[in-house]
Amino acid sequence: MTYKVIGKRVKRVEDPRLLTGQALFVGDVTLPDMLHAAFLRSDYAHAKLISIDVNLALEVSGVVAVYTAADMGDAWEPGPPLVSPPPTLENVVFNSRRQVPLVKDKVKHAGEIIAVVVAESRYIAEDAVEEILVEFEPLPVVVDLEKCLEPGSVLVHDDLDTNLAAHLVQNKGDYESARKGADLIINRRFQLDRGAAVAMENRGIVADWNEKNQHLTVWDATQSPIPIRNGLAARLGLTQRQVRVIAPFVGGGFGPKIMMFYAEEMVLPWITMKLGVPIKWIEDRRENFYATTQEREQIHEVEMALSKEGHILGIKQTIIHDTGAFNPYGLTTPLNTQSHSMGAYDVQNYSSEVIVVFTNKTIVTPVRGAGRPQGIYIVERLLDIAARELELDLMEIRRLNFIPPDAFPYEHKIIDQAFVPLILDSGNYEPAFDKALEMLGYEDFIKKEQPRLRAEGKHVGIGIVPFIETTGVGPYEGARVSVEPSGKISAATGVGTQGQSHMTSFAQIIAEHLGVQVTDVNLVTGDTAEFQWGTGTFASRGAVVAGNAVNAAASDVRQKVLKLASKILETPEKELELEDGMVRVVDIPDQSISLGELALLANPLRGAVEPGTEPGLESTKYFGPAFGATAFGVHGMILEVDPETMMIKIRKYITVEDCGTMINPLVVEGQIHGGVSMGIGNAYYEKLHYDENGQLLNANLADYLIPGSTEMPHIDVHHANTPAPNNELGTKGVGEAGAIPVPALFAQALENALHDYELEILETPLSPNRLYELLHKQEDPS
Amino acid sequence: MENTFAISVTVNGTPYQRSVDPRTLLSDFLRYDLGLTGTHVGCEHGVCGACTVLLDGEPVRSCLLFAPQVDGHEILTVEGLGTLDDLHPLQEAFRETHALQCGFCTPGILTTLLPYLEENPNPTEEEIREAISGNLCRCTGYQHIIDAVKLAAENMNP
């Protein structure tokens, strides 16, 4: 299909407001009589709460109230279970333990909330926090993923006799039989550690209960305003119509802002209803490190069985996944790892056990990539190791095992994170892989450049890693599109926006159907008063699920426009075109009517409307896919390592990205650049260091390093296009893709650069320090 | 308020007189006393650069200064660049090249670059990377920002 607006590099309509400081973020909301909250958080990761004395805090001038768990009475209850275990799997163990608004009896991770101070200013509230006296009884702390399962281990939850949060097994084919016919068995243990999402905007909430209107308004930096609205109504005994949640401009999400019902999201609405005045809390960066969710800590024991030619016969693995102190987000992340551990390859036999554990650490929920980088890391590392053992080319072993293009849709016969069968809808891997090798100049580098540079004493290495990403999962999203009498288009969808350019991309879809300028579309995202059905922004699904809902609604409005215009212009619909905000008779441009005039005629003040018709030029549509759309890509890199300092220089970085139909290539490229940046952080800079007491040792941006402009390379992006077969637009998600293959890519390229050290990398993230340690270990085995 | 400090400051060309609690951060003063919420606060410890404003033309971290420290001085915030209908060439270049996504870090990057481009009208890619190395962005990977700076340099110094 040929598009006029979809697929174009359209400048963003949201930019002027953001560039001039006129875009509203939660932190910018100021209301009359507004009070401010500050939280007292536990420094201990595990401790009994013996007593709290708030009297001194209450004496601080300007303090209005101080609340503890006891003050909440019946309103105190844990957050709701967000994601249940897959109902379609048998023998799943799932011990649901959810976060609480304020600690009642025992602290389970550092950063949990003990008390909240409400005051006239944030300054005063923070002063008063210092005046609260708390008696703790510190308890032994459990942080280790394996020790926590040993008999007699300290328990995070005393009402469970174990730290096991969940257990499930998924099998495909028959691994044990496949193993018997193998020529080579690779066995490895992989250690993957934690990182933080580090959105530049911390979380924030303003809650405003209006007693006279009996109405609650909440501004929340969330990826998921509609479920927050629904949950708040249920918790507070209000109808959903009495609650409006607005996620205005949100300064980056990356996953953690969808953790529905953070403690603060439960506490602030309760306080405004109690006091009858608005209340505000903006998270500071230190709180963000302790209280905002994190991800990626897993231990994998893996086995891969191969033929001597290099065919994968099967994979078996046990994944121990750390969920932190609570598991509100169910099994999404480990299920994603399970689904992606077969990568882009035809794996007929797969046996995979997931063990989820509670530890005294911050809660784990998806962070950009959401378990997928771990899965890709495992399978790509194993192939690198297998290729070396079998003396095969690292690239050839991948070609040998790719799922061939005629095998799609390819069913893996296990369940994915959306609880539906893991079916890869489409793909064409080898041409993308070839393109990546060509862009990187692989042959030339290996044969000429690398030997030359090595002769000069330089440690240069190359890596190429393919990956898949399941995107665009259900359940559904919706959108409303209407033509206004002004001729402008108003539209709304439930997914919030945290920088993904929805206001432009969705406007492009609407402009395509209605023949208007993108700037004539006013699209609202993330305001429950504008659209009240939907789930949220996650799993690289905006362009797929909400995008196709917008497409369906805009297409329906077009039909309504054509039907009415046909009557008025006395011309068959097929002879009409929509251009420049007008409906025109093709070839007779004088015979036309504007969309605005049609909108007025569709909503008459007098006269009779035909039975069975609806007023206006408006449509609301929903899209719910049976299963997701699978994106695919290849990343390649040439890097140089300084063997003294272990600092790296990325000499070249390329990506081939196949996300099906692109709505706006400029936006797609931005998503990839940002994803790669987070991936580079995950691979070589970013690690949350918890000590044995559950203390986070680098809870600030000076010690926790995210890539800056001097760490990032220039990235060459090539677009391949295998349209998604199961949605009208053919879109696949791309939001997380950039981050997924990077740790695996770094491992491959670093081993190649340091080939003289016989390095085998079995962990991520690395860092200059850690790489030095690994090399030192190689040099000196004693 | 028991201890207040009277300050006179010119922000974006407009003179203001205000009494503030002496410990009021410049970032909070701009955002809440003057309502100029375009200056964003990302870390409150001077690392991320989102709160960068110009103090007598020099980029400073407004989260690391107290409001009384700018008494008698001139401040420029992002609101002092272009307007919605008339973007500054630097802002226009950011829009042209998709150099912002969530836009939270953008005001601090714009204010950092404004004096930089005056002193360095034709920077190389490496120089641009150095110039914005004190500003963290989690969305863009910086590449489109670099494109924007090159474009702005061309447009501002034709």
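Residue numbers begin at 1 in each chain, while the letters A, B, ... track the order of the sequences. These numbers come from a predicted model, not from an experiment.
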Given that the side chain runs from C-beta out, which part of [X] has a heavy atom under 4.5 Å from chain B: side chain, backbone, both or neither?
X: A:Asn202; answer: side chain
X: A:Val676; answer: neither
X: A:Gln22; answer: side chain
X: A:Gln500; answer: neither
X: A:Phe25; answer: side chain

Before giving the answer on side-chain contact (heavy atoms from CB on, under 4.5 Å), spell out for B:Arg129 and A:Glu711 the whole-Å C-alpha distance, their side-chain angles and the decisive distance to 0.1 Å.
CA-CA 9 Å; B:Arg129 287 187 185 275; A:Glu711 281 74 55; over 6 Å; no
Report the C-alpha separation of A:Glu669 and B:His144 in whole Å, then their side-chain angles, then the decisive distance to 0.1 Å, and conclude whether the side-chain contact (heavy atoms from CB on, under 4.5 Å) test is met.
CA-CA 9 Å; A:Glu669 286 159 23; B:His144 283 165; 4.2 Å; yes
Is atom CZ of B:Arg18 surrounded by more than 12 heavy atoms (other residues, nucleotides or ligands) closer than 6.0 Å?
yes
Looking only at non-hydrogen atoms, find the nearest pair between [X] and [Y] and report the distance.
X: A:Tyr123; Y: B:Asp28; value: OH-OD2, 2.5 Å
X: B:Ser133; Y: A:Ser709; value: CA-OG, 3.3 Å
X: A:Thr20; Y: B:Gly82; value: CG2-O, 3.6 Å
X: B:Cys48; Y: A:Leu701; value: CB-CD1, 4.1 Å
X: A:Gly252; Y: B:Cys102; value: N-CB, 3.4 Å
X: A:Met200; Y: B:Phe104; value: O-CE2, 3.4 Å

Quick check for you: among [options], which has the greatest number of heavy-atom pairs under 4.5 Å with chain B?
options: A:Pro16, A:Ala199, A:Ser501, A:Ser677; value: A:Pro16
options: A:Thr497, A:Leu666, A:Ile282; value: A:Leu666
options: A:Thr30, A:Val250, A:Asn288, A:Val667; value: A:Val667
options: A:Ala23, A:Gly675, A:Gly738, A:Ala197; value: A:Ala197

Could you walk me through whether A:Ser121 and B:Tyr32 pass the side-chain contact (heavy atoms from CB on, under 4.5 Å) check?
CA-CA 11 Å; A:Ser121 80; B:Tyr32 304 121; over 6 Å; no
Proximal component of [X], with respect to chain A [non-hydrogen, under 4.5 Å]:
X: B:Leu81; result: neither
X: B:Thr77; result: neither
X: B:Glu126; result: neither

Among B:Gln91, B:Arg23, B:Gln143, B:His98, single out the residue with the greatest number of heavy-atom pairs under 4.5 Å to chain A.
B:Gln143
Considering only heavy atoms and a distance below 4.5 Å, find which of B:Val47, B:Thr140, B:Ile145, B:Leu100 pairs most often with chain A.
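Sorted descending by pairs with chain A, the first entry is B:Leu100.
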Note: B:Glu79-A:Arg17 ion pair, threshold 4.0 Å (strictly below)
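No, B:Glu79 and A:Arg17 are not salt-bridged.
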Is any side-chain N of the basic residue among B:Arg95 and A:Glu14 closer than 4.0 Å to the acidic one's carboxylate O?
no
Test your reading of the model: is there a side-chain donor-acceptor pair from [X] to the backbone of [Y], 3.5 Å cut-off?
X: B:His45; Y: A:Asn700; result: no
X: B:Thr37; Y: A:Asp28; result: no
X: A:Arg285; Y: B:Glu44; result: no

Is there side-chain contact between A:Pro707 and B:Arg138, with at least one heavy-atom pair below 4.5 Å?
yes
Evaluate salt bridge (charged side-chain N to carboxylate O under 4.0 Å, His left out) for B:Glu96 paired with A:Arg12, printing each intermediate quantity in order.
CA-CA 8 Å; B:Glu96 190 73 35; A:Arg12 301 203 315 171; over 6 Å; no
